[in-house]
Amino acid sequence: TYADGTPVVSNTDNEGLSVSLNKTSTSLYWFKGETVTLNPTIIKNGSINTEIIPSWTTSDESVATISNGLVTAKKRGVAKIVCKIESDGDNAEAVCVVTVKDCIDLIIENEKTDFYSEEAYSFDIKVKKNNEEVASPTCVWQSSDESVATVNAEGILTTVSAGQATLTVDFEGEQKQININVKNLIKINSAEMFVSNMNYQNEWSEYRLVCDIDLSKYFADNPWTGNVFVEFNGHLDGCGYAITGLIRTGTIGESEGLALFGIIGKQAIIENVCFDFDYTTYGRYSNVLGEQMLGLIKNCYFIFKMHKC
């Protein structure tokens with residue numbers, strides 16, 4: 001049976017006569033002038049019969065018309081197309097339910113798929129209905145995983161934690177999906193947090209300065225423990241902030257082989273940072289930023305006060 005209870009095949013008086021259609025239900029867009037052809041299969045006495053000519057009717061000609069099996073969409077609504085056959089006083093029929101829809105286009109003009117955690121983003125959506133733009137459309141937004149990201153009725157996304165989620169926007173039954181990927185973003189707001197994250201980190205992570213970082217007090221209380229055998233391979237965006245107060249002194253053995261980032265690995269990206277260092281060495285000059293700099297350093301400003309004893 002169909003969803004509305006209509007039988008797929010109805011044999012009125014004779015079980016030896018039946019008809020079925022290649023489609024039991026279908027959807028069409030009237031604005032596009034869509035059509036569909038219904039092909040009947042007629043069985044009489046256990047064999048396919050090609051001589052019986054079916055008759056066609058529609059329950060609503062204003063929604064969909066039918067001519068020799070060709071259905072043409074006319075306007076939004078639902079119509080039942082009935083294929084009826086008669087032979088030797090017996091009859092049978094089959095029904096196709098046709099749903100005619102408006103043509104709806106969902107257009108997201110600023111679609112984006114990659115985000116960081118704790119980020120807000122507003123999707124700008126345009127809705128066209130039958131090729132005319134809808135003013136102030138009421139859309140329904142959903143997130144497949146709200147532990148990764150949420151989205152409100154206005155299409156404003158708020159990311160929560162790392163992971164993947166699918167965003168779905170719905171307008172009058174027409175849907176569009178956006179698959180998003182959220183990466184963790186570590187916001188650096190102290191000297192302690194900077195030092196602990198910039199060294200001994202060999203895996204990719206995203207870092208962002210949210211204020212100037214003064215290292216002078218931290219290194220006054222804590223020995224420099226940079227390790228040139230460990231690579232930094234993350235992405236640090238300084239956002240225009242400065243790292244200041246790096247005062248480095250020591251004997252030959254202490255000053256050699258120490259650097260703020262250890263080794264700047266091949267995958268590392270350091271950008272948009274001002275470095276202000278006061279550097280005294282009692283041996284060879286050692287690179288204060290990274291003992292080896294293999295990654296990308298761009299749009300950075302350096303103030304080095306270098307002293308050799």
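Small disclaimer: the values here were computed from a predicted structure and weren't measured. Excluded from the calculations below are hydrogen atoms, water molecules and symmetry mates; all remaining heavy atoms, backbone and side chain alike, are included.
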Distance-minimising heavy-atom pair for Ser161 and Ser117: CA-CB, 4.2 Å

Will you find, in the side chains of Glu271 and His235, an N or O donor that is under 3.5 Å from an N or O acceptor? yes

Do the side chains of Asn131 and Phe31 get nearer than 4.5 Å, heavy atoms only? yes

Look at the side-chain heavy atoms of Ile, Leu, Val, Met, Phe, Trp and Tyr, link any pair under 4.5 Å apart, and say whether Tyr218 and Ile243 land in one connected group. yes

Around Tyr301, counting heavy atoms of other residues, nucleotides and ligands shown, do more than 12 lie under 6.0 Å from its OH? no

Ignoring hydrogens and geometry, is there a side-chain-to-backbone donor-acceptor pair from Thr159 to Glu118 under 3.5 Å? yes

Tell me every residue that passes side chain to side chain donor-acceptor pair (under 3.5 Å) with Asp212, counting only those two or more places apart in sequence or in another chain. none

Glu34: partners by salt bridge (charged side-chain N to carboxylate O under 4.0 Å, His left out), with sequence neighbours left out: none

To the nearest 0.5 Å, how far apart are CD1 in Ile186 and OG in Ser205? 5.0 Å

Heavy-atom distance under 4.5 Å between the side chains of Leu296 and Lys298, does that happen here? yes

Beyond-backbone contact of Val98 with Leu28, side-chain heavy atoms, under 4.5 angstrom: yes

Between Glu61 and Thr58, the two heavy atoms sitting closest are CG-CG2, 3.3 Å

Taking a hydrophobic cluster as the set of Ile, Leu, Val, Met, Phe, Trp and Tyr residues connected by side-chain heavy atoms closer than 4.5 Å, whether directly or through intermediates, do Val195 and Tyr241 fall within one such cluster? yes

Will you find, in the side chains of Glu231 and Asn233, an N or O donor that is under 3.5 Å from an N or O acceptor? yes

Taking side-chain contact (heavy atoms from CB on, under 4.5 Å) as the test, write out the residues that go with Lys126, two or more places apart. Ile107, Glu109, Lys128, Glu133

In terms of side-chain heavy atoms, does Asn91 have a donor or acceptor partner in Glu86 at a distance below 3.5 Å? no

Between Phe277 and Phe275, is the ring centre distance below 6.0 Å? yes

Could you tell me if the side chain of Cys96 sits less than 4.5 Å from the side chain of Thr26, heavy atoms only? yes

Tell me whether Asn110 at atom CG has more than 12 heavy atoms from other residues, nucleotides or ligands lying less than 6.0 Å away. yes

Does some side-chain heavy atom of Leu209 sit less than 4.5 Å from a side-chain heavy atom of Leu236? yes

Where Asn272 and Cys300 come nearest, the two heavy atoms and their spacing: N-SG, 3.9 Å

Output yes when Lys112 and Glu119 qualify as a salt bridge under the 4.0 Å nitrogen-oxygen rule, no when they do not. yes

One should read off an interatomic distance between Ile66 CD1 and Thr35 OG1, to the nearest 0.5 angstrom, of 10.0 Å

Sequence neighbours excluded, which residues qualify as salt bridge (charged side-chain N to carboxylate O under 4.0 Å, His left out) partners of Asp88? Lys44

Would you say that Val63 contacts Lys74 through its side chain, given a criterion of any heavy-atom pair below 4.5 Å between the two side chains? no

Does the side chain to side chain contact (heavy atoms under 4.5 Å, CB included) test come out yes or no for Leu38 and Asn22, once each step is laid out? CA-CA 6 Å; Leu38 300 179; Asn22 59 318; 4.1 Å; yes

Could you tell me whether the side chain of Ile85 reaches within less than 4.5 Å of the side chain of Leu17, counting heavy atoms only? yes

Show the nearest heavy-atom pair for residues Ser20 and Ala94, with the distance to one decimal. CA-CB, 4.1 Å

Value for CD (Glu192) from CD1 (Ile213), rounded to nearest 0.5 Å, stands at 9.0 Å

What about Leu215 and Ile303, same hydrophobic cluster or not, with Ile/Leu/Val/Met/Phe/Trp/Tyr joined at side-chain heavy-atom distances under 4.5 Å? no

Could you pull out the closest heavy-atom pair between Gly234 and Tyr207, with the gap in Å? CA-CE1, 4.5 Å

Tell me who clusters with Ile104, hydrophobic residues only, linked when side chains sit under 4.5 Å apart either directly or through other members. Leu106, Ile108, Phe115, Tyr121, Phe123, Ile125, Val127, Val134, Trp141, Val148, Val151, Leu157, Leu167, Val169, Phe171, Ile178, Ile180, Val182

Could you pull out the closest heavy-atom pair between Glu206 and Tyr116, with the gap in Å? OE1-OH, 3.0 Å

As a quick check of understanding, evaluate salt bridge (charged side-chain N to carboxylate O under 4.0 Å, His left out) for Lys129 and Glu172, giving each step before the final call. CA-CA 10 Å; Lys129 186 174 182 178; Glu172 295 185 0; 3.0 Å; yes

Under the side-chain contact (heavy atoms from CB on, under 4.5 Å) test, residues paired with Ile43 that sit two or more places apart: Ser18, Thr41, Ile48

Check this for me: Glu174, atom CD, are more than 12 non-hydrogen atoms of other residues, nucleotides or ligands nearer than 6.0 Å? yes

